[in-house]
Amino acid sequence: MVFISALPYDYELPFNGKIALLIIDMQRDFLEPGGFGDALGNDVSRLQAIVPTVKQLLEAFRTYKLPVFQTIEGHQPDLSDCPPAKLLRGKSQLKIGDVGPMGRILILGEAGNAIIPELEPLPGETVIAKPGKGAFFHTKLESLLREKEITHLIVTGVTTEVCVQTTMREANDRGFECLLVEDATESYFPNFKQSTLEMIRAQGGIVGWTAKAESVIDALEKTYKAVATSVTL
Ligand code: C5J
């Protein structure tokens with residue numbers, strides 16, 4: 001049995017490959033100037049710090065041929081999937097659908113809506129476009145996970161207390177064993193990130209576990225390296 005050293009207690013890694021990496025919204029809209037995050041008045045440079053760590057995890061999952069799911073938050077060009085409450089919230093100068101420096105803000109297919117180049121999905125990797133904060137809301141994520149019999153989710157991405165936390169709570173309610181990687185998630189508000197980590201692992205892991213990327217990668221190596229080697233031989 002391999003365990004990831006985690007809080008509030010060790011997280012058991014399944015041997016049978018029922019684990020997936022979930023990368024939430026690592027898109028230009030949130031990480032680069034001129035996108036949605038910037039339009040809402042945030043310092044987007046804060047989020048850049050986790051890019052190398054998310055990439056390390058992505059590469060580990062690719063090495064061991066484990067499934068990877070990425071999400072992007074975005075809307076149809078006619079905004080038919082964007083409720084007025086979301087459209088008007090924030091009273092920012094540039095709102096969803098307006099033309100910004102990276103194309104129309106938070107609109108699917110626009111330059112700003114793309115996943116950052118460092119984490120560009122490979123052919124065959126799944127990208128889920130989601131209109132809400134949670135990745136299970138109006139998407140096929142749950143059925144795709146069930147199809148692959150995935151039970152364990154290693155969760156990363158931005159922003160910790162918004163789309164990441166919402167998704168993790170949705171996943172937890174659906175019975176998935178979720179672990180949030182502490183140094184592979186970030187917020188525009190450091191205190192919100194810290195509080196979210198604490199909320200998730202409080203009360204015996206009421207929403208799930210948290211751990212450092214290094215612990216996850218070590219455990220993946222112990223669990224899957226032999227399998228990956230025997231498959232390539
Ligand atoms: C936000 C997200 N913050 N991906 N989206 O609006 O967290």
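The basis for the numbers below is simple: all heavy atoms, side chains too, and nothing from hydrogens, waters or symmetry mates. Just follow the structure's listing: the first ligand is 1, and inside any ligand the first atom is 1. Position 1 is the first residue of the sequence; numbering continues from there.
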Participant: In terms of side-chain geometry, is the basic nitrogen of Arg174 or Glu170 positioned less than 4.0 Å from the acidic oxygen of its partner?
Facilitator: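 Answer for the salt bridge query: no.
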Participant: For a quick test of reading the model, state the closest non-hydrogen atom pair linking Val207 to Arg169 and the distance between them.
Facilitator: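 Here Val207 and Arg169 meet closest at CG2-NH1, 3.7 Å.
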Participant: Identify all pairs of nitrogen or oxygen atoms, one from ligand 1 and one from the protein, separated by less than 3.5 Å, and list them with distances.
Facilitator:
from     : atom 1 : to     : atom 2 : distance (Å)
ligand 1 : 3 (N)  : Thr159 : OG1    : 3.4
ligand 1 : 4 (N)  : Asp25  : OD2    : 2.7
ligand 1 : 4 (N)  : Val158 : O      : 3.2
ligand 1 : 5 (N)  : Glu73  : OE1    : 3.0
ligand 1 : 6 (O)  : Lys133 : NZ     : 2.8
ligand 1 : 7 (O)  : Thr159 : N      : 3.0
ligand 1 : 7 (O)  : Thr159 : OG1    : 2.9
ligand 1 : 7 (O)  : Cys163 : N      : 3.1

Participant: Any side-chain donor-acceptor pair under 3.5 Å between Glu161 and Thr196?
Facilitator: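 The answer is no; no qualifying pair exists.
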Participant: Under the criterion side chain to side chain contact (heavy atoms under 4.5 Å, CB included), which of Val99, Asn113, Leu94 is the partner of Arg104?
Facilitator: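 With Arg104 as partner, side chain to side chain contact (heavy atoms under 4.5 Å, CB included) holds for just one option, Val99.
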Participant: Please answer whether the main-chain N or O of Val158 pairs with a side-chain N or O of Thr185 as donor and acceptor at a distance below 3.5 Å.
Facilitator: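 Side chain of Thr185 to backbone of Val158: no pair is present.
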Participant: Backbone N or O of Gly112 within a donor-acceptor pair of the Arg28 side chain at under 3.5 Å?
Facilitator: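 Absent.
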